There are 2 protein chains.
Amino acid sequence: MEENDRYSLRGRVFSKLREDIITGRYEQGEELKESALGEEYGVSRTPVREALRQLELEGLIRMVPNKGAYVDGISAKDVLDIYEIRSRLEGLCARWATEHITHEQMERMEEAVYMSEFHYRRSHFDKMAEIDSEFHEIMYEASGSKKLQHVLSDFHQYVYSVRKMSVQVHTRGKTSIEEHRQIAQAIKNKDAQLAEQLSNKHILNAMQNALDNGLREMLQKQKKG
Amino acid sequence: MEENDRYSLRGRVFSKLREDIITGRYEQGEELKESALGEEYGVSRTPVREALRQLELEGLIRMVPNKGAYVDGISAKDVLDIYEIRSRLEGLCARWATEHITHEQMERMEEAVYMSEFHYRRSHFDKMAEIDSEFHEIMYEASGSKKLQHVLSDFHQYVYSVRKMSVQVHTRGKTSIEEHRQIAQAIKNKDAQLAEQLSNKHILNAMQNALDNGLREMLQKQKKG
DNA sequence: TTATGTATTATTGTATACAATTATTCTTGT
DNA sequence: ACAAGAATAATTGTATACAATAATACATAA
């Protein structure tokens with residue numbers, strides 16, 4: 001999908017809107033008007049509407065019939081919930097990946113670990129977050145389960161902004177890479193049990209780090225507001 | 001969403017198409033032409049396209065740019081994967097529901113148990129399946145987690161056809177109701193631990209029943225094809 | 001002044017028109 | 001007969017036009 005999206009107006013609008021919502025560039029509840037968006041992107045309402053309908057299905061906006069579309073992005077609680085959900089699913093994914101991974105996928109996974117260390121040493125945080133994503137996406141793909149891949153991929157993207165923040169915490173960046181390395185090794189050794197255990201723990205650690213570096217405060221603030 | 005959908009052409013097309021794909025009324029890989037669908041439903045291409053874009057995002061169809069839309073429904077393996085995924089999430093959901101359920105939701109849940117027994121005794125299998133859905137949907141809603149509700153609700157719908165089949169197996173129908181009753185009781189008693197444990201087991205039992213009543217054969221058949 | 005009903009405007013929902021791309025058919029030359 | 005290429009048709013992608021609904025502004029009466 002990602003790639004197809006670049007070659008159609010609808011795809012471009014969808015990707016940009018999605019990113020802007022996930023990264024919080026819109027206010028919660030903000031109204032999205034089709035004409036305005038169309039003008040902004042230099043397209044007609046048709047592709048805008050198709051993009052909006054997709055975002056509605058995904059739950060990133062809420063559409064009221066004959067009224068309008070309202071931003072309904074990722075709250076701090078959503079992020080926490082997603083970490084909890086992922087902590088139950090990433091282990092399953094690692095198990096299945098161990099059973100189904102191809103040689104080519106294994107190589108890509110190991111390269112991702114290698115490259116993240118490379119960028120870590122140079123403090124390229126954006127690049128690191130990107131490769132961190134890649135590691136997980138490869139594992140999702142390797143699971144051989146279309147449905148598991150779909151849900152984990154979505155959730156992983158939803159916490160992108162938080163992850164990018166967390167990875168900049170120096171010690172977490174290093175620890176995360178080390179955890180990835182161990183997971184990759186377990187998968188390579190065909191030790192499904194260990195891969196599952198490590199993956200679940202990996203997510204719980206990431207959640208703990210997010211809580212300790214801003215997420216907890218965000219939760220408090222949103223609970224009041 | 002469900003209700004809004006009834007009042008717009010796009011919504012009606014979406015719901016009907018979705019149901020037809022989930023229940024397997026289309027061939028795998030079958031091409032869906034916008035004009036043909038429009039004629040079938042007596043509408044123009046516009047609402048059809050919006051519906052197709054939503055189904056694409058959901059992964060129920062695959063769209064090739066400038067070519068067409070192809071059915072990519074729920075395979076037997078998808079169903080099995082979904083049971084595995086749900087077995088890891090329903091427990092979490094039951095735990096959260098125990099913590100967040102309202103009095104009104106609890107009453108609806110108990111009524112669902114009661115009603116399913118009523119219809120069970122009268123062998124109203126369709127009605128039973130419907131109320132079985134209701135039980136789970138109430139729990140998803142009661143979890144208080146928008147994201148968990150979303151994913152579990154989708155997955156639950158995906159296995160609808162299988163569930164309807166399974167529930168007709170006399171002994172499973174009775175067992176399932178009993179399990180629901182115990183889960184509801186645990187939630188009411190605020191015993192999150194027990195609710196979680198029972199819910200996870202409930203899904204595993206449902207999976208086992210599905211395997212023993214047709215799913216295993218479907219898996220074999222699809223593996224060859 | 002304020003409530004109420006009406007006209008106006010703005011916005012979404014749908015249909016249609018046109019452009020771009022892909023598939024198909026029909027030549028045509030060997 | 002068959003391959004290559006052009007012409008034609010079919011299909012999707014996008015823009016625009018029109019219809020239906022909701023929001024707003026305004027006038028009028030109590």
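Note that this is a predicted model, so its numbers are computed, not measured. Chain letters run A, B, ... following the sequence lines, proteins first and then strands; every chain starts at 1.
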Between [X] and [Y], does any side-chain N to carboxylate O distance fall below 4.0 Å?
X	Y	value
A/Glu130	A/Lys127	yes
A/Arg53	A/Glu56	yes
B/Arg95	A/Glu84	no
A/Asp154	A/Arg18	yes

(request) Name the first nucleotide and the last nucleotide along DNA chain D (5' to 3') that come under 4.0 Å of a heavy atom in chain B. (result)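 With heavy atoms of chain B under 4.0 Å away, the range is D/dT11 to D/dT14.
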(request) Between A/Glu50 and A/Asn66, just flag the one whose closest nucleotide in DNA chain D comes earlier from the 5' side. (result)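 Here A/Glu50 is the residue nearer the 5' end.
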(message) Below 4.0 angstrom, which residues in residues 32-47 of chain A have at least one non-hydrogen atom near DNA chain C?
(response)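 Those residues are A/Leu32, A/Lys33, A/Glu34, A/Arg45.
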(request) For A/Ser153, enumerate each residue passing the side chain to side chain donor-acceptor pair (under 3.5 Å) test, keeping only those at least two apart in sequence or located in another chain. (result)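 Checked A/Ser153 against side chain to side chain donor-acceptor pair (under 3.5 Å); matches are A/Glu137, A/Gln157.
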(message) For B/Glu90 and B/His136, which I'm curious about, is there any donor-acceptor pair between the side chains at under 3.5 Å?
(response)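 Side-chain D/A pair, B/Glu90 to B/His136: present.
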(request) Please check if the side chain of A/Ser176 supplies one atom and the backbone of A/Gly173 the other of a donor-acceptor pair under 3.5 Å. (result)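 Not confirmed, A/Ser176 side chain does not pair with A/Gly173 backbone.
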(request) Give the ring-plane orientation class for B/Tyr140 versus B/His156, where under 30° counts as parallel, over 60° as perpendicular and anything between as tilted. (result)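 Geometry flag for B/His156 against B/Tyr140: perpendicular rings.
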